[in-house]
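Down below is the structure, laid out as structure tokens.
Order of the sequence lines sets the chain letters (A, B, ...), proteins ahead of strands, with each chain counted from 1.
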Amino acid sequence: MENLHQLTAEKITRDLYPQKFGKRGMIWTATLAVICLIGAFAYYRQLKNGLVVTNMGDYVSWGIYISNFVFFVAISLVGSLVTAIFRLGNVTWSTPLTRIAEIIAVSAILFASLIIIVDMGRPERLLNLFSHGRLQSPIVWDVVVISTYLLISILLLYLPLLPDLKIMNQQKDTNPKWANKIYTFLGSFWKGNKEQKKINKKAVILLSITIIPVAFCIHTVTSWLFATTYRPGWDSTNFGAYFVSGAFLVGSGAVVVAMYMFRRFYKLEKYITESHFDHMGKALVLLALLYLYFNVNEYLVPAFKMKKPEEAHLSNLFAGEFAPMFWFAILVGMIIPILIVINRKGRKPLPMFIAGIMVVIGAWFKRYLIVTPTLLHPFLPMHDAPEKFKHYFPSWEEWAIAMGSLAGALLIITLFVRIFPIIPIHETIEENEIK
Amino acid sequence: MKSNNFIRLSAVVALFLTASVTNAQDSVVKEPTVKLSYYSVNNTIPYLLVKTQFKEGKKYTPAANISVQVNMDGDSTEVNLLGKFTTNENGEAKLILPVSSQSLWNSASQHHFKATASGKNFESTETELGITKSKISIDTSSDSGTKSVTAIVSEFKDGEWFPAKDVELKIGISRLNSLLPVGDEETYTTDSSGTVTAEFKKDSMPGDAKGNIILLVKADDNEFYGNISAEKSVPWGVYKKYESNFNKRSLFATRFRSPVWLIAMAYSIIAGVWGVLIYLIFQIIKIRKLRKIAA
């Protein structure tokens, strides 16, 4: 924001005010809506016919749905990184990125909750978790921590939005009627007086402190869904830290991609500058190296020992059926982005965007690799198991639902940007005035 | 010349195809088999076990609903017929020697059984089995802390019982679906007096309410005697009261039996975090109430 101090409050408000979708925006939104509808149709088929429409079975009982769930949970962690950790660390450059990070977190955690219900086959059985759930089960811990994290993320998105809602409510004439209803409902009470500001500031700090342990919990508990079993590939004491570091990486990658898209299509070059990409690039390299370190621990140590039950699993990853996907995830998800971004030139917007895309795609496949190959190598293999149990490729319904959920998360972000400013207007004006 | 080559090539191809077809047919051939086993437990009324199976390569699969007829010592008269029956879904059928065959059974020391099986897709197949009447008796002794089990195998010949030597026996304690050897050896072989003694080394084994355990001595698939066994109850076990841990608090218990430390930890974390969240929601309500104060 080198040149921001030359901008007036009116100019900043005009630049950051939510804009109507252009032609490209309409096509983008319609495409996402269509993918969501296809996913909804596939889910209707699953509800009607049962989980038999999927290719899951007695061996792979957690397939693409659960890998998608882990991916969503991972990506949602960025809310705590950018909003809370950076805020508490007085990292002022992160201001334009906080809302991007928070809406990514909210939409991701929302779809994480939905996809787990999809995986259950019978959605009404969700209630059984409350009526029959055991406190000893990591699944119950996950339900508790996800709902807690969802509420915290919504509050962390909502409270800093209040001053901006006042700005929106002041421009009722220019807003569509339906938008005014939303602004009035959510923020008509915000007058921006001293007491309100004081409470709000205190609440945001309190939330920022609370979200950090909850964020660590959410992904650690998700990792425990796997690590509390004896299965090869999951039976690891490294899993919590491994999951959390991977989550920070993919979340940062997603923020970088979103930064580039919003900057380009909403013409926010003055607000999301090359300096922001440079800072995020440095964070990305650090997180990618950290995740790579945990990967080395996760695979090298068991490979060195090569215990019999681990052997089939690891051989399959390193040189077997899953080797192309495994090396793709390692190279594209970590090593190549590090090589791109470690360079100053690599931290320019376009290379950063490419690195961000690579990180996100690599991370999705990494989650698939965490879930599926282990299930194909059970600790106690079935006697005379049919050949089809030993291979898994999702059915079209599974693909449609998984892609529909990804499109749904993007659709929420897209609609949010249509209604609310993606860069905090009030905070930007305040910071500009201080400078 | 060319014509000759063509004929040779055709012949090779034809031979190859024929061989392939023959192999293909061989690979799907199911050979019907019948197995007949003789059992005598505690020298009571013996029974026969018939097993009908299909043999495919080295693999055996049960042949269900197969009609089986079993005869003893010939098939000329009705007396020789022990019974007609059908095998169950596991291809098995059990035949206890009927009362009608008692006089024939008592008339000789050796008997010859023949089973004939036939059914749908199961060609008529026969198997035969010859046995000599035999029995096992068990004796136990306990001398200065050393317990031992003595088994005597006898065979019936010319109206009298004689020792049966070189019979391989398993001597153990009868457990659920298995036999736990009483000593270090898996099997024991009878001497010229038909006797074998095994030291009992399994002290403190769980027994019934009176501390009784069942000693079991058996010969499996013996060439002359079939499957014979004998049991004896001895007070060499200990009574162990079953203590259910079903209602104890543990990580593997039911939902209302969570460990106290887990309940305390989980609920204090939940209360701490949700306490903050409820406080924050009240703060939002407070912000709403402050709307009347101008900026």
Side-chain angles (χ1 to χ4, degrees), chain A residues 128-138 140-141 143-145 147-156 158-159 162-163 165-166 169-170 185-215 217-218 221 228 384, chain B residues 27 30 53-64 89-91 177 244-295:
Chain A
N128 290 354
L129 272 171
F130 301 99
S131 57
H132 302 292
R134 293 166 63 250
L135 193 63
Q136 301 98 309
S137 165
V140 169
W141 309 344
V143 171
V144 172
V145 82
S147 45
T148 308
Y149 190 73
L150 177 62
L151 181 62
I152 295 179
S153 298
I154 289 171
L155 287 176
L156 207 46
Y158 177 58
L159 287 171
L162 285 172
L165 285 169
K166 185 188 170 191
N169 276 319
Q170 283 167 345
F185 175 74
L186 290 174
S188 61
F189 57 87
W190 181 264
K191 301 297 172 196
N193 58 49
K194 205 177 160 186
E195 287 78 5
Q196 283 184 323
K197 277 183 180 172
K198 194 180 162 191
I199 294 169
N200 194 24
K201 194 179 172 187
K202 203 173 137 191
V204 170
I205 290 170
L206 198 55
L207 271 173
S208 302
I209 295 167
T210 313
I211 199 172
I212 296 169
V214 176
C217 276
I218 189 174
V221 168
T228 47
D384 282 340
Chain B
S27 65
K30 282 183 173 181
Q53 292 171 307
F54 288 113
K55 188 184 173 193
E56 291 175 80
K58 291 179 182 174
K59 201 174 171 185
Y60 285 87
T61 50
E89 59 187 7
N90 297 321
N177 296 323
S244 168
N245 60 3
F246 185 76
N247 287 322
K248 282 186 180 167
R249 290 185 179 277
S250 76
L251 283 173
F252 308 98
T254 56
R255 63 190 299 246
F256 296 114
R257 296 284 166 194
S258 309
V260 175
W261 62 265
L262 182 67
I263 295 174
M265 210 171 75
Y267 284 123
S268 54
I269 292 171
I270 292 169
V273 174
W274 279 86
V276 171
L277 294 181
I278 292 165
Y279 168 76
L280 287 170
I281 288 165
F282 276 110
Q283 292 304 299
I284 293 172
I285 296 167
K286 207 171 166 184
I287 291 172
R288 286 182 80 96
K289 284 180 181 169
L290 290 168
R291 69 173 73 186
K292 286 169 189 167
I293 302 171

Which atoms of B:I270 approach chain A - backbone, side chain, both or neither, heavy atom under 4.5 Å: side chain
Proximal component of A:I209, with respect to chain B [non-hydrogen, under 4.5 Å]: neither
Heavy-atom proximity to chain A below 4.5 Å, by part of B:Y279: side chain
Part of A:K202 lying under 4.5 Å from any heavy atom of chain B: side chain
Among A:I152, A:L155, A:I205, the one residue meeting side-chain contact (heavy atoms from CB on, under 4.5 Å) with A:T210: A:I152
pair A:Q196-A:W190: side-chain heavy atoms closer than 4.5 Å: yes
A:V140 to A:G133 - nearest heavy-atom pair and separation: CG2-CA, 3.9 Å
Proximity breakdown for A:L151 and chain B, heavy-atom pairs closer than 4.5 Å: side chain
Nearest atoms (heavy-atom pairs only) where B:R288 meets A:F189: NH1-CE2, 3.3 Å
Non-hydrogen atoms of B:S268 and B:M265 that approach each other most closely: OG-O, 2.9 Å
A:T148 versus chain B, the contacting section by heavy-atom distance below 4.5 Å: both
A:Y149 side chain vs A:C217 backbone, donor-acceptor pair below 3.5 Å: no
Contact class of B:L280 relative to chain A, heavy atoms under 4.5 angstrom: side chain
